[in-house]
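Remember, predicted model here, so these are calculated numbers, not experimental data. Atoms considered below: every heavy atom in the structure, side chains included; atoms not considered: hydrogens, waters and symmetry mates. Proteins come first, then strands; the chains are lettered A, B, ... in the order of their sequence lines, and each starts at number 1.
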2 protein chains.
Amino acid sequence: MSQRRPVTAQDVARLAGVSQSAVSRCFTPGASAAPQMRERVEAAARSLGYRPNLIARSLITRRSRIIGVALGYLHNQFYPAVLEALSEALQAIGYQVLLFTAPQEGDADPRIADILRYQVDGLVLASASLSSRLAAECRASGVPVVLFNRTTAGDDGTESVSGDNEAGAAMIAAFLVAGGHRRLAYVAGLENSSTNRDRQRGFCAALAAHGLAPPRIVAGGYDHTQAQRAAALLFASGDPPDAVFCANDHMALAVMDAARHSHGLRVPDDVSIIGFDDTAPASWPSFSLTSFSQPVAEMVAATVGLLVARLADPDAPARQLVLPGALVVRGSARLPARGLVTEAGRRIWRPQ
Amino acid sequence: MSQRRPVTAQDVARLAGVSQSAVSRCFTPGASAAPQMRERVEAAARSLGYRPNLIARSLITRRSRIIGVALGYLHNQFYPAVLEALSEALQAIGYQVLLFTAPQEGDADPRIADILRYQVDGLVLASASLSSRLAAECRASGVPVVLFNRTTAGDDGTESVSGDNEAGAAMIAAFLVAGGHRRLAYVAGLENSSTNRDRQRGFCAALAAHGLAPPRIVAGGYDHTQAQRAAALLFASGDPPDAVFCANDHMALAVMDAARHSHGLRVPDDVSIIGFDDTAPASWPSFSLTSFSQPVAEMVAATVGLLVARLADPDAPARQLVLPGALVVRGSARLPARGLVTEAGRRIWRPQ
DNA sequence: TTTCCCCTTGCATGCGTATGCAATAAGGAA
DNA sequence: TTCCTTATTGCATACGCATGCAAGGGGAAA
């Protein structure tokens, strides 16, 4: 029963007594084929266990129906959630995901450059450790590229989908100030990432606008262990903060754990902690983390939308989409006196 | 600069003044080519931005260098960790991962069957919701298949890599008994999954061997929300357990959160909780979850090993690998009087 | 110088499928 | 019945690359 040589359209054609092209047409939606012949061919295909070779098809059609997705650091729950949603959405419209994981350290570009050799129809770059140069290179070779949760510095024509990092961070600043905090800290993500840059800028600018001193900034590198170290720096110092904004949930959970279990602090009584992304663990009772939500479903839908639009018209103007989020209020930060509303089952903060 | 028609080996050959086959040989390791010509060709390739078309190459070599990986439910941190390790390991030896996500509900087989049309060189099935029929079908078409963290009921010749679910669960039973627990409960995973079957069997058999009554069993479906409901069933009952073994960490975290925050229980004073997998959050101070570790790195390495072995020799005998784990002891379960040892930085339990 | 051998390189072909074109069949209108 | 239209199907080719085969070339050994 074990097929050593895979069944080809030729084999099916022979068995059904038709030509190979007839077989091909039976598997091509919209092609002209008589019902009677189609039935014969399908019966033959079934009995042989024929499966069209998508590799060969791709060679002709110049469409692989494969989308490359580059990711790094799946320990941050945000990315598995994104990946699952993206894969589902793409599978639903007949595409598959070719996964590229970026190594933690070192230059990921060389290995990722292999993507293009697989003739992917499109590319989603969701790793902060990938250079903008790579994105530009992909665009140059005519492959639609969408940056996910990341943007390029100058508008170089690369499409992107991201949350509103700057506004979100600014809202967090306002929320903390309204909650009466005065000694703020920021646990930063990767220094050269656009998300960190935007979140830090939004946070600092908003604090300044409220007349507060700049926050103390410590590096967390979007990493759990580094964030623990950052927490130690903050909480063991002579002047510990009364509120910490962490550039993502993944670090916020580490900081919260460190605050409680290594430094004997109560959250939010002694220190308020806020994250970014609103990943699943944020809502777990152990953490009850107040966090600015990134609308994963919408971001994924937008990403797929950009890809299909560009596949349909390669010359469509590049768009940089920024999707709004909401500050989901839970128990990890002192509450301001007003502005809390409940919407779609979540408690969110909407000032004024 | 935007290349509409991609650069082919023909284009490079023309520019370098050689034949297309010469170009091909320059990109084929081990092929015969004079250094001088190779240099000319590489220069031409570089100036044109040539990238060999792996789709076309696959058609000839009948090797796509793509491994299909079928997963479901990435919310359980175990799987992102596996996926990342698997992708890294495969990329390191020149393979890429084509990802298939199984929908939560319904039959995943039809969509997954598409995998074979992509001519994957191998297949890793790590979703409990995939039928054994699918695995058999893949094997029949000559594609190496490895079941990951799952086995087939009868030894039907499908290769698999899994942790020692039965022994691990038995060890957990012994650990809890040694810790003085008497009223045990089991939060089950998906009923028809091999991991759940083995863990439940090992747990119950060991309890019986220790002369204890069978544990109370509630369904958790490997799902966070279902596990919360299971916890409510257990803790709100008239006879709450003094120890709960959850079929994986993902559910254990939910159960622990529910115990503490919904039912006012102290862990481990009022109830001991043990998980399975030893995922990253288990070691976070908030949980400090005692858990039977699955050796992800070794399991991934073994999986890759099985794949490459089978690629080299399709007729090699199928092997079902079971890798040993260890009971990593933390603070979520009362400690037995003896048997605790520290090894490689982890505290583990090794009876007698 | 001759002979032999090996290293290079081009030619030709094929991988499995899609598709333009032409040929044939079928059916309808006049 | 005849002619035209439309649907169906086969033929031939191309997609981009790898590879067996043969031819050419250069060097070493005799």
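- Listed in residue order, the members of residues 36-44 of chain A having a heavy atom less than 4.0 Å from DNA chain C come to none.
- Distance CZ (B:R63) to C1' (D:dC17): 17 Å, rounded to an integer number of Å.
- With 3.5 Å as the limit, one finds a donor-acceptor pair spanning the side chains of A:N149 and A:Q294.
- In this structure, B:T8 reaches the sugar-phosphate backbone alone: every heavy-atom distance under 4.0 Å involves primed, P, OP1 or OP2 atoms, never a base.
- Closest approach of A:L147 to A:T152, counting heavy atoms only: CD1-CG2, 3.5 Å.
- In this structure the side chain of A:L83 reaches within 4.5 angstrom of the side chain of B:L74, judged on heavy atoms.
- One atom, CD of A:Q20, and another, C1' of D:dC11, lie 11 Å apart when rounded to the nearest Å.
- Using cut-offs of 30° and 60° on the angle between ring planes, the pair A:F148 and A:F78 is tilted.
- Of the side-chain N and O atoms in A:S19, one or more sit less than 4.0 angstrom from OP1 or OP2 of D:dG10.
- Computed from coordinates, the B:F27 CZ to D:dG16 C1' distance equals 13 Å when rounded to whole Å.
- Looking at heavy atoms from C-beta onward, A:L98 lies out of side-chain contact with B:L99 at the 4.5 angstrom threshold.
- The residue B:V23 sits apart from the nucleic acid: no heavy atom pair falls under 4.0 Å.
- Between the C1' atom of D:dA18 and the CG atom of B:L54 lies a distance of 13 Å, rounded to the nearest Å.
- A straight line from CZ of B:R25 to P of D:dA18 spans 10 Å, rounded to a whole angstrom.
- The interatomic distance linking A:L59 (CG) with D:dC17 (P) rounds to 9 Å, in whole Å.
- Between B:D11 atom CG and D:dC15 atom C1' there is a gap of 13 Å when expressed in whole angstrom units.
- Side-chain contact between A:S193 and A:Y222 is present, with at least one heavy-atom pair separated by less than 4.5 Å.
- Checking D:dC17, D:dG10, D:dG20 against every side-chain atom of A:A22, the shortest atom distance belongs to D:dG10.
- Under 3.5 Å, the side chain of B:R51 and the base of D:dG16 form no donor-acceptor pair of N or O atoms.
- The only member of B:R319, B:R150, B:R310 that meets salt bridge (Lys or Arg N to Asp or Glu O under 4.0 Å) when paired with B:E159 is B:R310.
- Under the 4.5 Å side-chain criterion, counting only non-hydrogen atoms from C-beta, A:S58 is not in contact with A:Q119.
- Nucleotides of DNA chain C with any atom under 4.0 Å from a heavy atom of chain A span, from 5' to 3', C:dG16 to C:dG20.
- Under the 3.5 Å distance criterion, with hydrogens and angles disregarded, a donor-acceptor pair is assigned to the side chains of A:S19 and A:S21.
- At least one side-chain nitrogen or oxygen of B:Y50 sits closer than 4.0 Å to the OP1 or OP2 atom of D:dC17.
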